[in-house]
Amino acid sequence: MSEAVTTTDRVPVGGGTVLVDRGVVVTQPVEGTFLAFSATCPHRGCTVRAVAAGTVNCFCHGSRFRIADGAVVGGPAEEPLRRLPVVVVGDEIRVGDEHRPD
């Protein structure tokens with residue numbers, strides 16, 4: 001079973017939340033749509049640190065990723081953030097890892 005990482009009220013519409021201790025970024029690009037991505041930047045493995053102005057941002061080298069799909073909008077990263085399966089159960093956001101059985 002996937003594990004609850006946060007609640008819907010903690011993820012702003014048009015933004016997101018970086019859960020460093022969980023290694024996950026949860027975004028809500030439009031109201032009611034929740035997505036999850038690995039918090040590990042594909043450029044050099046740093047942990048992304050912030051979500052602002054529609055992007056997930058890595059402070060190590062300046063890479064930026066779109067909250068709606070994890071695509072690169074500013075390098076040096078060339079690969080998108082790795083998307084993770086997400087399910088909303090009530091107000092809980094549960095994120096699983098495709099490398100772990102649910």
Side-chain angles (χ1 to χ4, degrees):
M1 185 74 171
S2 58
E3 120 183 32
V5 296
T6 192
T7 55
T8 56
D9 62 332
R10 294 185 177 202
V11 183
V13 176
T17 302
V18 179
L19 304 162
V20 175
D21 60 327
R22 305 283 190 150
V24 173
V25 179
V26 179
T27 66
Q28 186 179 188
V30 295
E31 188 169 354
T33 298
F34 296 92
L35 303 172
F37 303 94
S38 169
T40 302
C41 179
H43 175 242
R44 295 281 171 115
C46 292
T47 300
V48 298
R49 293 292 175 175
V51 179
T55 60
V56 177
N57 306 303
C58 181
F59 294 166
C60 287
H61 301 105
S63 292
R64 294 176 299 123
F65 307 88
R66 193 169 31 233
I67 65 169
D69 58 10
V72 177
V73 294
E78 296 179 359
E79 299 293 323
L81 290 176
R82 182 170 55 95
R83 187 139 173 210
L84 301 172
V86 64
V87 175
V88 178
V89 178
D91 69 343
E92 289 185 340
I93 298 174
R94 297 174 182 239
V95 175
D97 187 330
E98 64 266 21
H99 300 294
R100 286 190 330 223
D102 281 350

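We use all heavy atoms of the structure for the numbers below, so side chains are in, but hydrogens, waters and symmetry mates are not.
- Under the 4.5 Å side-chain contact rule for hydrophobic residues, Val26 and Val13 do not share a cluster.
- With a 4.5 Å cut-off on side-chain heavy atoms, Pro80 and Pro42 do not count as touching.
- Nearest approach of Val95 to Ala36, heavy atoms of both residues: CG2-CB, 3.7 Å.
- Residues Leu35 and Arg83 form a side-chain contact, since some pair of their non-hydrogen atoms from C-beta on lies under 4.5 Å apart.
- Sequence neighbours left out, the pairs with a member in residues 57-80 that pass ring-ring contact (aromatic ring centres under 6.0 Å, His included) are His43-His61.
- For residues 7-48, the pairs satisfying disulfide bond (SG atoms under 2.5 Å apart) are Cys46-Cys60, with sequence neighbours left out.
- Note on Val5 and Val20: separate hydrophobic clusters, where clusters join Ile, Leu, Val, Met, Phe, Trp and Tyr whose side-chain heavy atoms are under 4.5 Å apart, directly or indirectly.
- Evaluation of the side-chain contact (heavy atoms from CB on, under 4.5 Å) rule for Val51 yields Val18, Val25, Val56, Ile67 as partners, not counting sequence neighbours.
- Sorted by first and then second residue, the salt bridge (Lys or Arg N to Asp or Glu O under 4.0 Å) pairs involving residues 47-59 (not counting sequence neighbours) form an empty list.
- Contacts of Glu79 classified as salt bridge (charged side-chain N to carboxylate O under 4.0 Å, His left out), with partners at least two apart in sequence or in another chain: none.
- In this structure, Ser38 has no side chain to side chain donor-acceptor pair (under 3.5 Å) partners at least two apart in sequence or on a different chain.
- Sorted by first and then second residue, the ring-ring contact (aromatic ring centres under 6.0 Å, His included) pairs involving residues 11-39 (not counting sequence neighbours) form an empty list.
- Judged as a salt bridge (charged side-chain N to carboxylate O under 4.0 Å, His left out), and not counting sequence neighbours, Arg10 has no contacts.
- Legend: residues meeting salt bridge (charged side-chain N to carboxylate O under 4.0 Å, His left out) with Asp69, ordered by chain and number and at least two apart, are Arg66.
- Listed for the Thr55 side chain is no donor-acceptor partner under 3.5 Å among the backbone atoms of Arg64.
- Connection of Leu19 to Leu81 is not established within any shared hydrophobic cluster, with ILVMFWY side chains joined at heavy-atom distances below 4.5 Å, either directly or through further cluster members.
- Cluster membership check: Val24 does not share its hydrophobic cluster with Val48, using side-chain heavy-atom separations under 4.5 Å among Ile, Leu, Val, Met, Phe, Trp and Tyr.
- Applying the salt bridge (Lys or Arg N to Asp or Glu O under 4.0 Å) rule to pairs touching residues 20-45 yields Glu3-Arg22, sequence neighbours excluded.
- By the side chain to side chain donor-acceptor pair (under 3.5 Å) test, Thr8 is found to be paired with no residue, residues two or more places apart in sequence or in another chain being considered.
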